[in-house]
2 protein chains.
Amino acid sequence: MSKDGARTRTGIKAVAALAGVGIASVSRVLSGQPGSSPQLTQRVLEAARQLGYTPNALAQGLRRKTTRSIGFVGSDITNPLIASIVSGAEAVLSQAGFSILLTNSAGVASVDAERIETLLQRQVDGLIVLPALEDDPATLAVMRNVGVPLVLIDRTLPEAVPAHYVLSDHYRGVGDACRYLLAAGHRRIALVVGRDVRPTRERVRAVEDAYAAAGLPDGLRVHHGTLTLAHGEAAVEEMLSASQPPTAVILGGNQLLEGALRVVHRRGLTLGVDLSLVCCDDVPLSRFHQPPIATVMRDSTQLGRRAAEVLLAQIASPGESEPVHLETWFEPRGSAGAAPTSAPGPVKGLRSRQARSDAVKATPASAARQRKRQSGT
Amino acid sequence: MSKDGARTRTGIKAVAALAGVGIASVSRVLSGQPGSSPQLTQRVLEAARQLGYTPNALAQGLRRKTTRSIGFVGSDITNPLIASIVSGAEAVLSQAGFSILLTNSAGVASVDAERIETLLQRQVDGLIVLPALEDDPATLAVMRNVGVPLVLIDRTLPEAVPAHYVLSDHYRGVGDACRYLLAAGHRRIALVVGRDVRPTRERVRAVEDAYAAAGLPDGLRVHHGTLTLAHGEAAVEEMLSASQPPTAVILGGNQLLEGALRVVHRRGLTLGVDLSLVCCDDVPLSRFHQPPIATVMRDSTQLGRRAAEVLLAQIASPGESEPVHLETWFEPRGSAGAAPTSAPGPVKGLRSRQARSDAVKATPASAARQRKRQSGT
DNA sequence: TTGAAAGCGGTACCAC
DNA sequence: GTGGTACCGCTTTCAA
């Protein structure tokens, strides 16, 4: 490759000079445009190689008015869900020769707007955004005229904003979870959700509909708050301290899980027995928890991939687009068990379904527990 | 803000025209350079506001020869360790007005080199890299003359490469873990590590030294391989199938944990009793595992923060720099217990240390288990 | 203080 | 086919 020295120092005219050709020819050859004689092409290529020349993407972008870069605005890359989305998006984008500018909003709506502004200044060709809110005026104002294709994940905005959507079908997964719990005899189910964004609304609607379909008058509670470990802990603590505590809790966000587990462990509760727990969105090791955490799953990498694909398609040829819908599904695991007071009947049916879907089989685990007991801890 | 229409359309000359001033004045005012009369400043500001003008970062970068952007090359953002590093780096960089170009190498050395090339083309002002290998010729060649400050995390390269280093003290944490296990009576300890990079070498050296210091002739095994779930599973499976299986395993990377746990659960083993397990680098929920997973910890966010700080400092004024060392520490938890055959003596000492450091107290958990038994599952 | 003009490193149109 | 040249949008001397 290059001989040595600072790489940035060699420009296109150095290549032209060395090759003894015009600057325009170098550009043509290196851009892969047709219409250059083989010999000229050779000389240019050779000169470029000798100097270790690399075109300056800034200058190219300035002229071409396209940077082959896109901006990603998320709340927190530390959340495995977001990380998977970014990872999925990165995979398809990098393969298409696009780079990703990653920003963090920390879930603050005003920061969303700022980050988008910054990315637009940097002339990204498109944006993938997971806004903290759907109705933040500043964010909406910025989005209204981004000037480049915009893909939103799991958010819906007023028609006025020309965005494209990739949405998870939260209604289905949470609905299934709720029906599962109802079938298991639970009559006091609590749903903990975050702020009023699409996933929250879908989840609330799902449990409400499930309750209604079961012909149950009430017993459902919805706790609104923020999706944080602290809120998860506080919410579950509060619920369990109530006079009529729920027998099952559905967590509308994996950020709540650790907080909830803190309370559960602190109180010495056994999940699936004393309390049933369902979490939305998988977390590493959740299936290795004892018992495994029943989860409303989705393919989060796919979420990112699809968002990237939609974006690339729009960059290639802008226009309208149908929202992309991706499924979610409920994976019953040990933490979702029969209601404490339920009759033996429904319990049995439950058990069998559980055994089938648990990643960690019940038998060896219980065997281990027994052995442990014998080993005389 | 802006009236409407595509934002990118308004350039500096439009502002100049509207304000009735020269183009240079607009630049000066908007760049915050002194020496403009108040009235001119006002008119420029007003015009810019009216048009919703935002400077084109590409053009600025081209002229200024600095883009206030840095490149990050990691292996897999899906790994919570990497995600934390990125998150930490992003926090300090965005506050300093820098953007991050995120790339993924998927742990493939040749991709590292490609990604760095791409980022350099985009004229990043600096790089934070976690190379897959330390001796990949292509990567070294590229790094040799990046032309911008380069910070490496947890890797060391030949002197020839002008890089800056942020390193974790793996030796300490793993050494403590190993000594802990030895004190608990373990005499056959296995260490599973990845490829030959600094953390691997440090960890191997740590256990070797611990063994030597204890005056033990042998019993230590080191398994080299790749840091993947599959390898974790295969390695542990193989070890446990041996005629003299280890009584304790140290996993040199959190990617191995899930694989290891699969084997453990499949075989119905009880961690901390049948087999002791220590994992390097924390994973969500690992302390909620039953028993909690003993872990060699480190502040991964800090790792990213420091890397970013070093990079910013070097961008501000390039030069030599001392490597930054960050600590690691062993957090004993339930999964690291006494060796199966050990005498009661050392066991006792162990227990008390464990109880103190376990995030989840042993008592309520066992109580829960008992209750479960009574509930007649 | 302010503005004209020369680039930064490319691209692409337009003659030759 | 090939090369001159006018920009892209902005910063920065340099004169006025």
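A, B, ... follow the sequence lines: proteins, then strands. Residue 1 opens every chain.
Considering only heavy atoms from C-beta on, N56(B) comes within 4.5 Å of L62(A) through its side chain.
Between the side chain of R115(A) and the backbone N or O of T103(A) there is no donor-acceptor pair closer than 3.5 Å. Between the side chain of Q123(A) and the backbone N or O of T66(A) there is no donor-acceptor pair closer than 3.5 Å.
Look at K65(B) and you won't find any side-chain N or O under 4.0 angstrom from OP1 or OP2 of dT11(D).
Summary for the helix from dT1(C)-dA16(D) to dC16(C)-dG1(D): the axes at its two ends, each from 5 pairs, differ by 40° when rounded to the nearest 10 degrees.
Look at CD on Q121(B): it is 13 Å from C1' on dG9(C), rounded to the nearest Å. A straight line from CG of L62(A) to P of dT11(D) spans 12 Å, rounded to a whole angstrom. In this entry the distance linking CG of L51(B) with P of dG9(D) reads 14 Å, nearest Å. Put simply, CD on Q123(B) is 9 Å from C1' on dG9(C), counting in whole angstrom units.
From R306(B), atom CZ reaches atom NE2 of H164(B) across 14.0 Å, with rounding to the nearest 0.5 Å.
Under the 3.5 Å distance criterion, with hydrogens and angles disregarded, no donor-acceptor pair is assigned to the side chains of D112(A) and T139(A).
Residue contacts shown for L58(A) are absent, as no nucleic acid heavy atom lies under 4.0 Å away.
Qualifying side-chain hydrogen bond (donor to acceptor under 3.5 Å, both in side chains) partners for S37(B), counting only residues two or more places apart in sequence or in other chains: none.
At a threshold of 4.0 Å, the pair R49(B)-E46(B) counts as salt-bridged, since one of the basic side-chain nitrogens sits closer than that to a carboxylate oxygen.
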How does protein contact run along nucleotides 10-16 of chain C, one letter per nucleotide 5' to 3', with B for base contact, S for sugar-phosphate only, - for none, heavy atoms under 4.0 Å?
BBB----
Would you sort out whether S99(B) and R122(A) count as a side-chain hydrogen bond (donor to acceptor under 3.5 Å, both in side chains), showing the intermediate values?
CA-CA 9 Å; S99(B) 293; R122(A) 290 188 184 279; 2.7 Å; yes
